[in-house]
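Since the model is a prediction, treat every value here as computed from it, not as a measurement. Numbers here are sequence positions counted from 1.
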Amino acid sequence: MGDGRVRQLISIQEQRWSEALHSARVEPLSLSPPLLFVGCGSSYYLAQAAASVARGLGITASAAAAGDVWSDPTASLLGAKGVIVISRSGTTSEALLAIDVIRTCGVPVHVLTCNADTALAAAADYATVLNADDDTVVMIQSFTTMLMWLQAWLMRMQGRDAAPFFRPGLAAEVLGAAEPLVKDLLETIPRRTVYLGAGVRFAIAQEGALKALEMGGAPVLWYEPLEFRHGPWGLIDEGDVVWLLRLGDRTEGEVPLIADIEARGARVVEIVRVGQEYPRHDVIRLPQNVPDLLAGPLAVIPLQLYAWTLAVALGRDPDHPRNLTKVVRIG
Ligand code: F1P
């Protein structure tokens, strides 16, 4: 099978980031808050991540699945003065249906996509087109590159610049740290993988889980870390892997959880900023100078690699996920 395109994209995605940072710096700040971010699949997780980053910066924002906007625009919009519709393809049915109903409601729309000359881009008041389509079914570089743009655009709204946090080579460092650990974790195929992430990291936890589902059809769960205690962790057993995407600045609730999950037999891997890790060996460290709020594009990389490696171990071809298409079209 060889390493294939998805594995290659995991390594090279960083090449697209500087262009995204530049674009967010020069393109018009077309909308004003309250903002609503909209998408489907990975793009819905991007919408959630962006809304979280926005709120972290003090910008009123929410996120909705495009299908929900289509079926109930009034409840989804609820006072939004600007909508950002995110879609790699620019041709997903629900995204097109959502933009139609948003326009009927008279709310301005900015589209973020990786494909120009699409119906979605044409329907927008303003479209940002990033050269980051993956040419694969699953979203890899499009996810991190569009997230980079969203973060930088939101920072700029607050008069700040995200670019200085992302010197070239950071993604390669995180990937390099993840490689031996992921190999070790998958010496034996886990019974189940759980993804835990709080606040701004919850969307990344969901994206990690989606990657393992799409490429490997693997059993996965995802929760807010402290929610995991409220029922779901009853299923934890030996042979489970738990990824904990820690927020370095909010350790009180998350650190005791690690010991409690391990006491139940699972292996915990934390992704956390340097200097804020729990003293144990299964850790992937994110650069200290990247704030929690902006670390999503880096934090997702170990999860992409894990999902790809797991899929291969399960005998699947990550470049051709079963039963999936690159674009979902209704009817
Ligand atoms: C994104 C998406 C992906 C998924 C699949 C179908 O849609 O739902 O998340 O992996 O490939 O497309 P979009 O961003 O193109 O609207």
Side-chain angles (χ1 to χ4, degrees), residues 1-17 19-20 39-46 49 86-92 112-115 130-149 169-187 189-190 193 195 203-220 222 241 243 245 269 271 284 296-328:
M1 189 192 306
D3 273 358
R5 178 69 178 155
V6 170
R7 180 62 188 86
Q8 187 190 21
L9 286 168
I10 294 170
S11 293
I12 64 170
Q13 58 192 319
E14 188 178 18
Q15 292 170 6
R16 302 287 175 209
W17 293 0
E19 182 192 324
C40 296
S42 293
S43 292
Y44 175 41
Y45 299 143
L46 283 173
I86 305 158
S87 171
R88 172 182 67 174
S89 62
T91 52
T92 298
L112 175 61
T113 181
C114 298
N115 284 281
L130 299 177
N131 180 22
D133 199 323
D134 308 280
D135 302 321
T136 56
V137 171
V138 297
M139 288 172 64
I140 300 289
Q141 76 177 2
S142 58
F143 185 88
T144 58
T145 306
M146 288 200 282
L147 183 53
M148 202 52 95
W149 186 92
L170 284 186
E173 281 169 28
V174 173
L175 184 61
E179 274 166 348
L181 183 49
V182 164
K183 187 164 181 281
D184 188 53
L185 279 174
L186 294 173
E187 286 293 331
I189 292 181
T193 307
Y195 300 80
I204 302 300
Q206 293 179 90
E207 172 64 5
L210 181 67
K211 292 286 84 69
L213 266 177
E214 288 182 319
M215 289 191 269
V220 295
W222 55 94
V241 166
W243 287 91
L245 287 95
V269 190
I271 303 179
I284 294 170
L298 294 168
V300 78
I301 291 172
L303 305 183
Q304 294 171 334
L305 179 71
Y306 177 85
W308 182 87
T309 313
L310 178 58
V312 171
L314 289 167
R316 302 288 188 97
D317 177 357
D319 286 359
H320 300 97
R322 213 161 74 185
N323 296 330
L324 299 183
T325 51
K326 189 175 174 213
V327 181
V328 174

Quick check for you: to the nearest 0.5 Å, what is the distance between Ile140 atom CD1 and Trp308 atom CH2? 11.0 Å
CD1/Ile301 to OG/Ser11 distance, rounded to the nearest 0.5 angstrom? 9.0 Å
Residues Ser42 and Phe143: closest non-hydrogen pair is O-CE1, 3.6 Å
Test of understanding: with salt bridge (charged side-chain N to carboxylate O under 4.0 Å, His left out), list the residues that count as partners of Arg16, not counting sequence neighbours. none
Do any N or O atoms from the side chain of Asp133 and from the backbone of Ser89 form a donor-acceptor pair under 3.5 angstrom? no
Could Arg7 and Glu179 be called an ion pair, given the rule that one side-chain N must be under 4.0 Å from one carboxylate O? yes
Can you name the nearest heavy-atom pair linking Ile12 to Arg5, along with the distance? CD1-NH1, 4.1 Å
Measure the spacing between CG of Leu210 and OH of Tyr195 and express it to the nearest 0.5 Å. 10.0 Å
If we count only N and O atoms by modelled type, under 3.5 Å, do the side chains of Ser142 and Asp134 hold a donor and an acceptor together? yes
Between the main-chain N or O of Val138 and the side-chain N or O of Arg88, is there a donor-acceptor pair closer than 3.5 Å? yes
Supply the atom-to-atom distance Cys114 SG to Met139 CE, rounded to the nearest 0.5 angstrom. 6.5 Å
Please evaluate residues Ile86 and Thr113 with respect to the criterion side-chain contact (heavy atoms from CB on, under 4.5 Å), reporting the C-alpha separation (whole Å), side-chain torsions for both, the decisive distance (0.1 Å), and the verdict. CA-CA 6 Å; Ile86 305 158; Thr113 181; over 6 Å; no
As an exercise, state the distance from CG of Asp3 to CG of Leu9, rounded to the nearest 0.5 Å. 12.0 Å
Testing Leu175, Val174, Ile10 for side chain to side chain contact (heavy atoms under 4.5 Å, CB included) with Pro302, which one passes? Val174
Of all residues at least two apart in sequence or in a different chain, which pass the ring pair (Phe, Tyr, Trp, His ring centres under 6.0 Å) check with Tyr45? none
Within the 3.5 Å criterion, strictly below it, is a donor on Gln304 or Gln13 matched to an acceptor on the partner's side chain? yes
If you round to the nearest 0.5 Å, how far is CD1 of Ile284 from CG of Leu245? 9.5 Å
Of all residues at least two apart in sequence or in a different chain, which pass the ring pair (Phe, Tyr, Trp, His ring centres under 6.0 Å) check with Trp17? none
